[in-house]
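Structure record follows, encoded as structure tokens.
Order of listing sets the numbers, starting from 1, for every ligand and every atom in it. Along the sequence shown, the residues carry numbers beginning at 1.
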Amino acid sequence: MQTTINETVSFDGVGLHTGVPVRMTLRPAPAGFGIAFRRVDLGGQPRIPAVWDAVVPGALCTKIAAPSGASVSTIEHIMAAAAGCGVHNLTIDIDGPEVPVMDGSSAVFVAEILRVGLRALDAPIRAIEVLDRVEVRNGDAMARLDPCDHLEMAFHIDFADAAIGRQDKTMSLANGAFVHELCDSRTFCRAADIDAMRAQGLALGGSLENAVVVKGAEVLSPGGLRHHDEAVRHKMLDALGDLALAGAPLLAHYTGVRAGHAMTNALLRALFARPNACRIVTASPALAARLPGAGLSRDDAPRVV
Ligand SMILES: [Zn+2]
């Protein structure tokens, strides 16, 4: 059955790029509602549905906007947490322009969602079954969806800095794998890029506490890496969050090669532009058991530092 969270949960923090302090509150929502943000600091509290065609260009993040222009940016880590925990319906109230970065991963969001637990709603889960290959390319970057009876991901990155280098990871997202393997991997950047990002008004809320900063072979963030391949794991976390804007769980094998937020959104646009590339299916109990959040409990919550 579709789910929502049992109780309201709030997060206080700053936006990674804007540095603006915000409070974000997840509230239960009814079956069929999907996930929508609400800018509670603006007049009329405009609602911004978290769907692929609400995405507008955003630098180094995923940003959605309502027709009125009200927007929320850097939604990918909370969207990944919702998708990875199997939450289908949520209202996300926020009193500023950007989701709080917390520790740079989805771990804090996942821990709170699993702590309050999920409530089953009286409606079946609908999933999006990919029926044919859809692919987008841009230079040496590529993103692709192929048919699969559950969600699988394969990602490849290649950075000059030896602390990242080449990393490949392929995994099934069934059996709570997002929570166990991906959710605590943090966003990362190269020390050499920080001045340029700040000059463009980006990464103003970034610090060594909420991002992995690398310089050549060195990891500057205290405590080092959480996983030797934390960077590619984070790219998969981002991809799950961006794919969640399909509006329902995807049944597909996703491949990303150096793909970023804009490319994953272009992939969804290509999927929905092509007739017969996908169809909506009602999840049988067997299919529902293969979806990313199935079978998780409070005991699976990541330890949050
Ligand atoms: Zn990210």
Separation of Arg290 CZ from Leu287 CG (nearest 0.5 Å): 4.5 Å

Main-chain N/O of His253 paired with Asp146 side-chain donor or acceptor, under 3.5 Å: no

Backbone of Val136 reached by a side-chain donor or acceptor of Arg144 within 3.5 Å: no

N, O or S from Cys61 under 2.8 Å to the Zn ion (ligand 1): no

Metal proximity, Asp238 vs the Zn ion (ligand 1), N/O/S cut-off 2.8 Å: yes

Stepwise side-chain hydrogen bond (donor to acceptor under 3.5 Å, both in side chains) test for His234 and His77: CA-CA 9 Å; His234 186 79; His77 302 166; 3.1 Å; yes

Three-point angle His77:NE2, the Zn ion (ligand 1), His234:NE2, rounded to the nearest 10°: 100°

